[in-house]
> 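Can you read through this structure? Questions will come right after.
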Amino acid sequence: GNSVTQMEGPVTLSEEAFLTINCTYTATGYPSLFWYVQYPGEGLQLLLKATKADDKGSNKGFEATYRKETTSFHLEKGSVQVSDSAVYFCHSSGSARQLTFGSGTQLTVLP
Amino acid sequence: NAGVTQTPKFRILKIGQSMTLQCTQDMNHNYMYWYRQDPGMGLKLIYYSVGAGITDKGEVPNGYNVSRSTTEDFPLRLELAAPSQTSVYFCATRDVSYEQYFGPGTRLTVT
């Protein structure tokens with residue numbers, strides 16, 4: 001089945017620093033890929049997604065490119081803000097029996 | 001649209017008590033999921049449903065039961081609550097593009 005491997009956290013950055021959170025996937029076929037974000041005390045919400053190779057998803061200054069050659073979907077942001085502090089989850093589409101989300105990557109941005 | 005709603009938001013149970021966590025969606029999605037999230041951990045799939053009348057076990061189903069009599073509702077039943085079931089419970093739906101939509105969660109403490 002499909003699965004993702006996500007960079008372990010936690011990650012601590014200063015405001016305006018560059019962010020990369022690595023995510024690689026294994027799949028039979030071509031899954032859709034997602035990044036979800038969970039702010040403190042809330043449920044997960046979709047941050048961005050890509051449905052085919054070379055697609056770039058973007059939202060709120062975050063970007064991720066679906067790279068088939070490296071089976072990766074790394075999350076990037078050029079200049080993080082304190083308000084970006086959250087837990088980030090990489091996820092792929094798969095069978096009806098959805099895989100777990102894993103522990104995510106905790107990002108803390110310091111002023 | 002309300003999306004995915006969950007009740008209650010918080011609950012404290014004594015060991016051995018039972019309760020039902022409610023989940024309702026108004027997006028007409030066939031796929032629905034129940035996850036639990038322990039502190040600092042990722043989400044683990046408890047049960048899922050691919051449509052009314054059809055449910056199946058996820059990764060951690062022991063101690064829980066579900067039913068799906070309508071497209072809108074997917075309640076999760078805890079029988080004989082145990083301290084190990086202290087967690088945050090999230091209900092989610094999935095659309096045809098595999099994007100998942102999460103409820104705000106139910107914070108359950110079993111003492």
Side-chain angles (χ1 to χ4, degrees), chain A residues 1-11 21 23 25 27-52 55 57 59 64 66 73 85-108, chain B residues 2-7 9-10 21 23-25 27 29-61 66 68 74 87-107:
Chain A
N2 300 346
S3 67
V4 296
T5 300
Q6 183 177 342
M7 183 175 92
E8 296 286 327
V11 174
I21 301 177
C23 174
Y25 69 90
T28 52
Y30 303 100
S32 294
L33 299 173
F34 306 85
W35 278 100
Y36 288 86
V37 59
Q38 184 180 29
Y39 298 104
E42 298 182 11
L44 278 68
Q45 57 186 275
L46 181 70
L47 180 60
L48 54 84
K49 67 180 180 184
T51 59
K52 60 184 187 297
D55 265 2
N59 186 24
Y66 188 161
F73 193 55
S85 297
V87 182
Y88 293 82
F89 296 88
C90 185
H91 194 59
S92 73
S93 63
S95 67
R97 188 184 186 281
Q98 285 281 343
L99 301 175
T100 60
F101 273 74
S103 57
T105 301
Q106 171 76 57
L107 171 66
T108 302
Chain B
V4 180
T5 57
Q6 292 183 238
T7 56
K9 286 187 168 52
F10 303 93
L21 282 66
C23 176
T24 300
Q25 55 114 348
M27 296 176 286
H29 291 164
N30 285 325
Y31 290 82
M32 294 188 75
Y33 305 86
W34 273 107
Y35 295 93
R36 60 176 287 172
Q37 185 178 35
D38 297 332
M41 305 294 285
L43 279 71
K44 294 188 176 180
L45 182 64
I46 306 172
Y47 271 95
Y48 69 98
S49 170
V50 301
I54 306 170
T55 63
D56 205 350
K57 297 177 181 179
E59 184 186 5
V60 290
V66 294
R68 185 95 182 271
F74 189 41
S87 191
V88 181
Y89 292 84
F90 291 102
C91 178
T93 70
R94 196 199 86 183
D95 68 16
V96 294
S97 74
Y98 292 92
E99 179 179 342
Q100 294 201 24
Y101 301 79
F102 285 80
T106 294
R107 282 154 180 76

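The sequence lines fix the lettering, A, B, ..., with proteins before strands; numbering per chain opens at 1.
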> Where on Gln38(A) is there a heavy atom nearer than 4.5 Å to chain B: the side chain, the backbone, both, or neither?
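Side chain only.
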> Which one, Pro104(B), Ser97(B), Gly40(B), leads in non-hydrogen pairs under 4.5 Å with chain A?
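Counting heavy-atom pairs under 4.5 Å, the top option is Ser97(B).
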> Just verifying a value: how many Å separate Ile46(B) CD1 and Leu21(B) CG, rounded to the nearest 0.5 Å?
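Rounded to the nearest 0.5 Å, the CD1-CG separation comes to 8.5 Å.
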> Can you name the residues that form a side-chain contact (heavy atoms from CB on, under 4.5 Å) with Tyr30(A), not counting sequence neighbours?
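Once residues adjacent in sequence are excluded, the partners of Tyr30(A) under the side-chain contact (heavy atoms from CB on, under 4.5 Å) criterion are Tyr66(A), Lys68(A).
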> For Gln37(B), which atoms come within 4.5 Å of any heavy atom of chain A: side chain, backbone, both, or neither?
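The side chain, not the backbone.
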> Within the side chain of Gln6(B), is there an N or O that forms a donor-acceptor pair under 3.5 Å with the backbone of Cys91(B)?
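Yes: the side chain of Gln6(B) pairs with the backbone of Cys91(B).
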> Is there a donor-acceptor contact under 3.5 Å linking the side chains of Tyr101(B) and Asp95(B)?
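Result is yes, a qualifying pair exists.
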